Amino acid sequence: MLNTVAHNMSVLRDKDTVEGMYIDGEWKVSASNNKREVINPATNEVIGSVTEGTIEEVNQAVIAAKDAFYKNGWKSTYARTRADYLLQIASKLEERKDEIAMLETLNNGKIYDDSITDVEDAINQFQYYAGLATKPHGQTYEVPDEIQAMVIREPIGVVAIIVPWNYPLVMAAQKMSAALAAGCTVVVKPSTQTPLTLIRLFEIIDEVGLPNGVANLVHGSGSVVGNELINHPDVEKISFTGGTSTGKQIMKDAANTLKKVGLELGGKSPNIVFADADFETAVDYALLGIFAGQGQVCSAGSRLLLEKSIYDKFVPELVSRAKKIKLGPGWDDTTEMGPLISISHMENVLNYVEIGKEEGAELLCGGKQVTEGDLAKGNFVEPTIFTNTTPDMRIVQEEIFGPVLVIQVFETEEEAIELANGTDFGLAAAVFTNDGAKAQRVIRRLQAGITWINTYHPTFNEAPWSGYKQSGLGGDLGTYGFEEYLYKKQVNIALEVKPSGFYKG
Ligand code: NDP
């Protein structure tokens, strides 16, 4: 692994380079010349700049995608042709894996090994959906003899893909790979904070010669560029990952043109540890569940539900290990936790710490920005744990999206389930116990789309990713994620061509 800053910085472009948008097969610097700087959250230094699109340029991207879909025939390309493009994208990502991973680390702050995992996930997504594109999708069904009835699938059309900053490459890749494999065309809008790795992905798309307009990249804020995509009459589906309040707004706005919407939203996920769980494993995953990615993970185990009888043993061990987590920049191979994405997000997280104290929760560790040494330049917040919480507290109910764990205590299985389900969210949940029947029993009653028994965080591109309750609508990944981009059309064929005879004349 690379561990010198000088070497890491070599993946960045010259500081005078202004990165453009990719519209209809051409790189384009916005006519507005509206530049936005991109920041490294470990140092708060400028590492690049992009030009943000105007409404007219978003319109050009949508029209290019529409023409590529309807006029230029992407929707009816042979599935094998689409699969070939996706496989070429995957292999070029593989060739540039280290460069793109380091760029993700510099832009998002995540540790380098996590960025490598993200790029590998993206590669696998393009490969997986390349495979799925060529597999049979149709069905026939049993009806009276004189009719042959079947279902065929057809791509929906132009898809707007809007993604957040916590997994900039992989969230876009999982949506793009499925949509393109299905025969849709796409316009992608990254977060204003993390556009850089998607620019590299679009360089690859350009190199493999994907037909013009099939995949377009636009930059700009959610309120201007995002909003235009949501309201554009020629966008037929929105595939969005981001916060729950943004998701609600998008759903309202999309109603005007009755767009299909797929929403992957926030969470406040419970990690339930029963007294009979393997102690070491449960402590380890309680830490990983919340502190991986600095807690900026939608499925983070941000609520630890602990059986009362092990509280006195578990909590001191948890806190002592949390205090030892090594903070640092993602490119340093000894770092265990990186910075938060921005100063303003860090301030939000620290504000929640104050809210927790005011609400009467007890702060066991952390709760502060690192203000000494090299890390003082970046957005580093110490691993933070609260106890003595009540279910109505804001720190228990709201997504903080940072390294802040809240402990809730239970005495019975029933109480654990009630606490676990006691928020508006329903993204993920985990159960730690050595009692197999109890594990299954509890999992079946948890309102969450992604669950684990005796582990936390592993998920796979083959399996669907979707939230219950206010954590989302529709889903990504697996065969279900592919179906999101396809209409189902029933076709009924008369086996004998003759009048119905209904109107006697
Ligand atoms: P936001 O909802 O703030 O933003 C997500 C994206 O939407 C950004 O590109 C943003 O643009 C854009 N956007 C904002 N407002 C609008 C609008 N009105 N119309 C159209 N687009 C808009 O989320 P964050 O970027 O802060 O990401 C963190 C959130 O994402 C967390 O809540 C997290 O839980 C969730 N998430 C969910 C996942 C899941 O799979 N369920 C996975 C990963 C994250 P801009 O650049 O201007 O902000």
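In each ligand, atom 1 is the first atom listed, and ligand 1 is the first ligand listed. The structure presented is a predicted model; accordingly, all values stated were derived computationally and were not measured. The figures here come from the full heavy-atom set of this structure, side chains too, leaving out hydrogens, waters and symmetry mates.
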How far is [atom] from the closest protein heavy atom, and which atom is that?
atom                    : answer
atom 17 (C) of ligand 1 : G222 O, 3.6 Å
atom 48 (O) of ligand 1 : T192 OG1, 4.1 Å
atom 42 (C) of ligand 1 : C298 SG, 2.8 Å
atom 11 (O) of ligand 1 : K189 NZ, 3.0 Å
atom 12 (C) of ligand 1 : I162 CG2, 3.7 Å
atom 23 (O) of ligand 1 : G243 N, 3.4 Å
atom 8 (C) of ligand 1  : V163 O, 3.4 Å
atom 7 (O) of ligand 1  : F240 CE1, 3.1 Å

Using only atom types and a distance under 3.5 Å, with no angle test, would you say the side chain of [X] pairs donor to acceptor with the backbone of [Y]?
X    : Y    : answer
N379 : L340 : yes
K488 : E483 : yes
D121 : N461 : no

May I ask which of [options] has a heavy atom nearer to [atom] than the others do?
atom                    : options                : result
atom 35 (C) of ligand 1 : A300, P168, G220, G242 : G242
atom 37 (C) of ligand 1 : L265, V224, V170       : L265
atom 1 (P) of ligand 1  : T246, V188, T194       : T246

Passing option when E19 is tested against K28, R13, K35 for salt bridge (Lys or Arg N to Asp or Glu O under 4.0 Å):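 Passing option: R13.
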
Indicate yes or no: does an N/O atom of [X] lie under 3.5 Å from an N/O atom of ligand 1?
X    : value
G226 : no
P164 : no
W465 : yes
W165 : yes
T244 : no
Q249 : no
Y167 : no

Cation over ring face, K260 and Y485, 6.0 Å, 45°: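 No cation-pi geometry.
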
Region of P190 that comes within reach of ligand 1 [heavy atoms, distance under 4.0 Å]: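 Just the backbone.
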
Mode of E399 contact toward ligand 1 - side chain, backbone, both, neither (heavy atoms, under 4.0 Å):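 Under 4.0 Å from ligand 1, E399 contributes side-chain atoms alone.
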
K259 and D253 ion-paired at < 4.0 Å: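 Judged by the 4.0 Å cut-off on N to carboxylate O distance, K259 and D253 do not form a salt bridge.
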
Contact with ligand 1 for S191, non-hydrogen, under 4.0 angstrom: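 Right, S191 reaches ligand 1.
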
Qualifying residue for side-chain hydrogen bond (donor to acceptor under 3.5 Å, both in side chains) with S30, from E56, E52, E57: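 Answer after filtering E56, E52, E57: E57.
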
